[in-house]
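Below: one structure, written as structure tokens.
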Amino acid sequence: MKTTEILVVGAGPAGLMAAIHAAEAGAQVLLVERADRLGGQLIKQTHKFFGSKAEYAGERGIQIAEKLITASQENSGITTWQKATVLGIYPDGVVTISHDGEFCTVKPKKIIIATGASEKTMAFPNNDLPGIYGAGAVQTLMNVHGVLPGKRLLMVGAGNIGVIVAYQLLQAGVEVVGIVEAGPQVGGYLVHAAKLARHGVPIYTSHSIKSAHGDSCLEGVTICKLDKNWQPIEGTDQYIPVDGLCLAVGLSPLTELLWQAGCEMKYAGELGGYVPLRDANLKTTHGDIYVAGDVSGVEEASAAMVEGKIVGLYVASILGHKTESFTKDFQVAKSQLGALRSGPSSMKICSGLSKVVLKEAQ
Amino acid sequence: MRIVNHPILTFLEQKMVTFTLNGQKIEGVAGEPIAAALYAADIKVLHHSHKNHRPRGLFCAIGNCSSCLMTVDGIPNVRVCTEPLRAGMAVEIQEGKGKIL
């Protein structure tokens with residue numbers, strides 16, 4: 001059985017930052033990643049990030065991924081396993097992992113779960129037809145593998161992901177026939193919505209998908225207008241022929257390991273679903289398990305990176321790896337996270353957090 | 001269905017290999033997910049559902065949702081959205097749960 005001080009599960013923005021900061025403080029880290037490459041969903045983010053310079057604002061996600069991956073690989077305190085899926089966390093602290101087809105056991109002192117989130121779907125007739133994808137799937141196909149998801153696509157959801165991916169589809173040469181948004185307004189960054197407007201992509205606010213059509217693959221969708229109570233208005237049906245439908249309707253935290261380990265969970269719709277109760281330092285009700293990133297509540301990658309830094313620094317410190325600059329670094333990271341969540345668009349996140357962050361550190 | 005020119009991304013030199021889908025020869029890029037190779041060849045039906053035999057394709061593309069399960073070299077329920085393509089693979093559209101025994 002392998003031992004390590006800290007096991008980090010997931011090598012996306014949160015997990016990479018946690019591993020890097022814990023190892024820089026002197027901790028021994030095992031970083032495990034299910035996929036065969038590191039970086040999580042950053043590797044398909046071709047747009048430039050917002051925030052401040054400390055969160056890599058102005059850089060594209062793909063460039064941030066490269067920096068973090070290089071930093072993790074150059075740090076001798078980090079052992080990385082790719083194609084490694086955590087199977088279970090046992091009461092005696094043993095973690096079982098399938099690593100490249102081999103069954104392994106690991107006993108860490110502390111565990112940081114940074115498994116991210118999965119895409120939600122929505123209910124309408126024929127929503128399982130091939131050609132209907134999550135927005136992230138479309139990004140993976142185009143931006144990682146260079147394959148087009150279709151010739152003519154309709155986007156559902158005008159939040160950040162919807163408007164950003166719609167623009168990325170245009171960049172890849174796909175015809176985007178419009179964005180359907182159930183709410184009365186565009187929820188995503190206006191800078192991206194404006195780019196779409198300049199390309200003549202219509203945004204149908206107060207509209208939804210009524211049905212998808214097609215024999216073996218998607219051939220078209222019927223959209224309709226919604227009233228103030230989100231109900232379809234009769235006589236407003238409109239058929240749009242498309243071979244792709246992209247759903248950007250939110251994400252759910254990938255919390256299976258936390259449930260399995262017995263962490264206390266609570267539903268917070270603002271954060272995407274069930275998330276773990278945790279203290280201000282991201283410790284769950286299971287004393288040895290910490291969380292960072294979308295698994296603790298769906299937010300932007302910028303917030304995931306800062307949470308990773310906070311938890312990496314903190315967990316290293318309680319294992320005795322407290323650098324001279326710890327107090328300062330830790331406070332800087334906490335105020336960075338506070339700043340990211342200070343705008344009016346973060347009110348929803350803050351409302352969700354108020355339900356799940358335990359008042360006093362345990 | 002492959003991107004040739006992109007304003008931000010460059011897709012480096014790609015080594016093409018041959019594999020089969022239900023016996024029919026198809027080309028794809030070595031190491032890319034099997035599903036990417038199939039979608040590039042405009043093949044989107046990967047699976048038929050167990051109960052109602054409905055066609056299923058990619059949904060999440062990162063190994064979360066199991067919408068893309070196929071039989072690869074005789075092994076059923078392979079998530080082809082993450083399984084890397086190798087030369088000579090025999091890929092089959094899977095019916096329901098696939099044949100385990």
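None of the values given here were measured: they were computed from a predicted structure. Residue numbers begin at 1 in each chain, while the letters A, B, ... track the order of the sequences.
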Is B/L58 in contact with chain A via its backbone, its side chain, both, or neither, using a 4.5 Å heavy-atom distance? both

B/R56, part contacting chain A, at a heavy-atom distance under 4.5 Å: both

Please identify, among A/D215, A/N126, A/I62, the residue contributing the most non-hydrogen atom pairs under 4.5 Å to chain B. A/N126

Need one label for A/V174: side chain, backbone, both or neither, based on atoms under 4.5 Å from any heavy atom in chain B. neither

So, the part of A/A172 with a heavy atom under 4.5 Å from chain B: the answer is both

Surrounding CZ of A/F124 (heavy atoms of other residues, nucleotides or ligands, distance under 6.0 Å), is the total greater than 12? yes

Between B/K99 and B/E92, does any NZ, NE, NH1 or NH2 come within less than 4.0 Å of an OD or OE carboxylate oxygen? no

Honestly, the part of A/K120 sitting under 4.5 Å from a heavy atom of chain B is backbone

Salt bridge check: are A/E59 and A/K67 linked by an N-O gap of less than 4.0 Å? yes

Toward chain A, the part of B/I8 with a non-hydrogen atom under 4.5 Å: side chain

Among A/G146, A/A35, A/S216, A/A135, which residue has the highest count of heavy-atom pairs closer than 4.5 Å to chain B? A/G146

With a 4.5 angstrom heavy-atom cut-off, which part of A/S118 approaches chain B: side chain, backbone, both or neither? both

With chain A as the partner, which of B/C81, B/P7, B/A40 has the greatest number of non-hydrogen pairs under 4.5 Å? B/P7

Under 4.5 Å heavy-atom distance to chain B, tell me which part of A/D36 shows up: side chain, backbone, both or neither. side chain

Check for me whether the distance between the ring centres of A/H199 and A/Y167 falls short of 6.0 Å. yes

Other residues, nucleotides and ligands only: do more than 12 of their heavy atoms fall within 6.0 Å of CZ on B/R2? yes

Side chain, backbone, both or neither of A/L247 within contact of chain B (heavy atoms, under 4.5 Å): side chain

Name the orientation class of the two ring planes belonging to A/F50 and A/H192 (parallel below 30°, tilted from 30 to 60°, perpendicular beyond 60°). tilted

Chain A: which of B/P33, B/S67, B/C65 shares the most heavy-atom pairs with it under 4.5 Å? B/P33

Heavy-atom cut-off 4.5 Å, strictly under: side chain, backbone, both or neither for B/F59 against chain A? both

Heavy-atom contact with chain B under 4.5 Å, split by part of A/Q139: neither

I'd like to know which of B/K44, B/H47, B/H48 tops the heavy-atom pair count under 4.5 Å against chain A. B/K44

Report the relative orientation of the aromatic rings in A/F49 and A/H47; use parallel for angles under 30°, tilted for 30 to 60°, perpendicular for over 60°. parallel

Could you check if a side-chain atom of A/P13 sits within less than 4.5 angstrom of a side-chain atom of A/L42, using non-hydrogen atoms only? yes

Which residues pass the side chain to side chain donor-acceptor pair (under 3.5 Å) test with A/E175, not counting sequence neighbours? A/R152

Is the count of non-hydrogen atoms from other residues, nucleotides or ligands lying under 6.0 Å from A/I161 atom CD1 greater than 12? no

